[in-house]
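The next block holds one structure in the form of C-alpha cells; read it before the comments.
In what follows, chains are A, B, ... by sequence order, proteins preceding strands, each numbered from 1.
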Amino acid sequence: MPDQVYEIPIGPIHPALKEPIRFTFKVEGERIRGVDIRPGFAHRGIEYMGMKRNLIQVLYLSERICGICSISHPITLTLAVERAAGIEVPPRAQYLRVIFAELERVHSHLLWAGVAAHELGFDTLLHLTWKVREKVLDLLEELSGNRIDYAIPIYGGVRRDITPEQVPQVEAMIRYYRGLLDELLDAFLRDPSVEARTRGVGVLAPEEADSLCAVGPTARASGLAKDVRQDRPYLVYGDLGVKAITPREWGLEPRGDVYDKAVVRLLEVGQSLDLIERCLVEMPEGEITSFPKIPALLAYLKKADGEGLGWHEAPRGEVIHYIRLEAGVEEPVVWKVKAPTYSNLMSWVPMFVDQEIADIPIIAASIDPCMCCMDRVHMVDASSEAMVQKEELLRLSRAKTERICRGGGPA
Amino acid sequence: MILKTLFSQLFTRPATNRFPAKYMPKSVLGFLGKVQAGKATLVPPVPVPPKFRGKIAYDREKCIGCQLCIRVCPAKVIEFLPEEKKIRMHVARCTFCAQCVDACPVDALAASPDFLLSDTDRHSTALIVE
Ligand code: SF4
Ligand code: SF4
C-alpha cells in the first residue's frame, strides 16, 4: 500500500537530538508528508524562580538557562536591567562583552559543525572539529576561569578584565583558527558526500523564513540579511559595523538548505575572529564596571523602577529578555526570556515536508535547536490528556494487590 | 586534508589527558590507595588556569558576619551561624560563580584551585566549609 499514510512519533527522547522534543511525522513510504511538533519537555520554571530571587542571583540563574549560551543569556539580561534601571556601561566593558560573546559564537558554531557531521555519519569530521574547538574553550577558561558558565557579565559591566599578558593568547587563538578555517571549509563545503547529503535537503524558502519569523543562521541561510547586531546595534556592535552573512558571501545564491546553513555558520566563525581582533585593537583603557562595590549595586537595583528589553544575536539567533523592576522590591516583578530556538521552531515544518525519513536527524539539527533555552511553558490539556502522578500510580498499584489478595482478578 | 590529519594522528599523542591513569582502573579508590602506597603513579590533571573558580576557601578569622555573601549567593550554599556570627558553606550546592568572593567586604572568601570534589555523600567533611 504505497499511498498509505502512517504516523511515526519520534521523541521526546530520540537519536536526532540530545534534548527532549516530540515530533509526530506523517509518512507515506519513505517520504514525510507532514509533521507536528510538541515542545515543553525541558520546562523548568526558570522565570518564576527568577522572580523569587534578587537580581544578582537571577544573573547566575540566567547563565544556566543554557550551557552553550552561557554568555548570551546573561548579556541580554544585563542589557535589559541596565535599560530598566538606567545604568551606564563603561566602554571597555562593552568591548569585553563583545569579545566574550564572539568567543561563544566560535565555540558554538564549531560544536554545531561537529554535531552535523555526526548526524551525517562522518564521525572523523566530528572528532576533528571538536578537537579544534578545544582551543577556544581553553582560551575562555584562561580568560574567565572556567570552561563553561563563565560568570563574566554583571549589571554595569563585566567581572573580569583581559590583562595585557592575556592579549597574545587571544591573538594566538585567532591565528590558530584563521590557519584552520580554510581546511574546515574544505572538509565541509567541498566534500562531495557532504554536499550530496545536504544540498536540497531541509529547504526553507526565503518567503517562508520571513513569514515564520526565522532568526539567526536559519534565516540567513535562506538569504535574509537579518542579524540583530546589524539591525538594532547594541554594546559596541554599531561601531564595529557587523554585516549579516548569507551564502552570497561564499559566492552562491542562497537556497536555504542544510548546506547553506553550514556555509553561514562556518563563515561566521571567521567573522567572529575579525570582530575579536578589532575589539582588541579598539578597546580603550578604563573601568570595567560602573559598580565596583556589590552592596552599592544591590542598593541601586533595589531603588530602580521601570521596564527594560535586552536583545542580542546569540549563536542561534535573536535572544530577548524583558524585565520589570519595582522600587523597593529586590526581585524582578516580571522576567521573560525568548530564546532563538523558539522563533525557529516553526521553520521545521516546511523543512521536513517531502524529505526522507533518513534526513530527519540532519534537518532537525540544522536549525541548531536548543530546547532548554526555549522551553518557557509546558501546556497540558487536562480535558483530553490523562496525567497520572507518581502518588496516583502507587495508589493504583496497591489497590490492585489488595484486589488480588481478596481473590479478585485484574480490573 | 582529513586523510593527512588522520595519518599524522597515528603518531601524535592523544589530545585527551589520561587522568588519573592511562587505562581506567577497575576501582578508582583502589587505584588512589595504590598511588598513596607508592605502587602506582598518577597521571596528573591538566593544571587549572590562574583565574579558576574552584572550591571556595573561607578565612574564619577575617569574617565579620555581615551576611553579604548569603545575600548574593544564587544557590543558597551559605548558612549563617548566628551564635558565632560566622558562616558554613555546603559545597555540594555551589555553582562556582565566585560572586560571594566579589561581595565579601573583608576578603574572607577566595576561589581556590581545588576541583576534585565529587563525593557520594553531600554532607561529607570535604564538602562542608566553615
Ligand atoms: S561561588 Fe557562587 S554559588 Fe558558590 S557559594 Fe559563592 S556565591 Fe554561592
Ligand atoms: S561576606 Fe565575608 S565577612 Fe560577610 S559573612 Fe560572608 S564571608 Fe563573612
Quiz item: By a 4.5 Å heavy-atom criterion (distance strictly below it), what part of Cys104(B) contacts chain A: side chain, backbone, both, or neither?
Solution: neither
Quiz item: Are any side-chain N or O atoms of Arg71(B) and backbone N or O atoms of Leu298(A), one a donor and one an acceptor, separated by less than 3.5 Å?
Solution: no
Quiz item: For atom CZ of Arg44(A), is the number of surrounding heavy atoms from other residues, nucleotides or ligands below 6.0 Å larger than 12?
Solution: yes
Self-check item: Among Leu55(A), Ile294(A), Asn54(A), residue most engaged with chain B (heavy-atom pairs, under 4.5 Å)
Solution: Ile294(A)
Quiz item: Is it the side chain or the backbone of Ala111(B) that comes within 4.5 Å of chain A heavy atoms, both, or neither?
Solution: neither
Exercise. Below 4.5 Å from any heavy atom of chain B, which atoms of Asn146(A) appear? Answer side chain, backbone, both or neither.
Key: both
Quiz item: Is there side-chain contact between Leu68(B) and Pro295(A), with at least one heavy-atom pair below 4.5 Å?
Solution: yes
Exercise. Flag the pair Gln9(B) / His127(A) as yes when at least one side-chain heavy-atom distance between them is below 4.5 Å, and no otherwise.
Key: no
Exercise. Counting only heavy atoms closer than 4.5 Å, note whether Glu165(A) contacts chain B via side chain, backbone, both or neither.
Key: neither
Self-check item: From CA spacing to verdict: side-chain contact (heavy atoms from CB on, under 4.5 Å), Thr95(B), Asp149(A)
Solution: CA-CA 9 Å; Thr95(B) 64; Asp149(A) 286 345; over 6 Å; no
Quiz item: Considering only heavy atoms, which portion of Leu143(A) lies under 4.5 Å from any heavy atom of chain B: side chain, backbone, both, or neither?
Solution: backbone
Quiz item: Lys51(B) versus Arg159(A): any side-chain heavy-atom pair under 4.5 Å?
Solution: no
Practice problem: Assess whether atom NZ of Lys34(B) is packed by more than 12 heavy atoms of other residues, nucleotides or ligands within 6.0 Å. | Solution: no
Quiz item: Side chain, backbone, both or neither: which part of Glu330(A) has a heavy atom under 4.5 Å from chain B?
Solution: side chain
Exercise. Look at Lys293(A), Arg160(A), Glu134(A) and state which one has the largest set of heavy-atom pairs under 4.5 Å with chain B.
Key: Arg160(A)
Self-check item: chain B contact via Arg147(A) - which portion, at a heavy-atom distance below 4.5 Å
Solution: neither
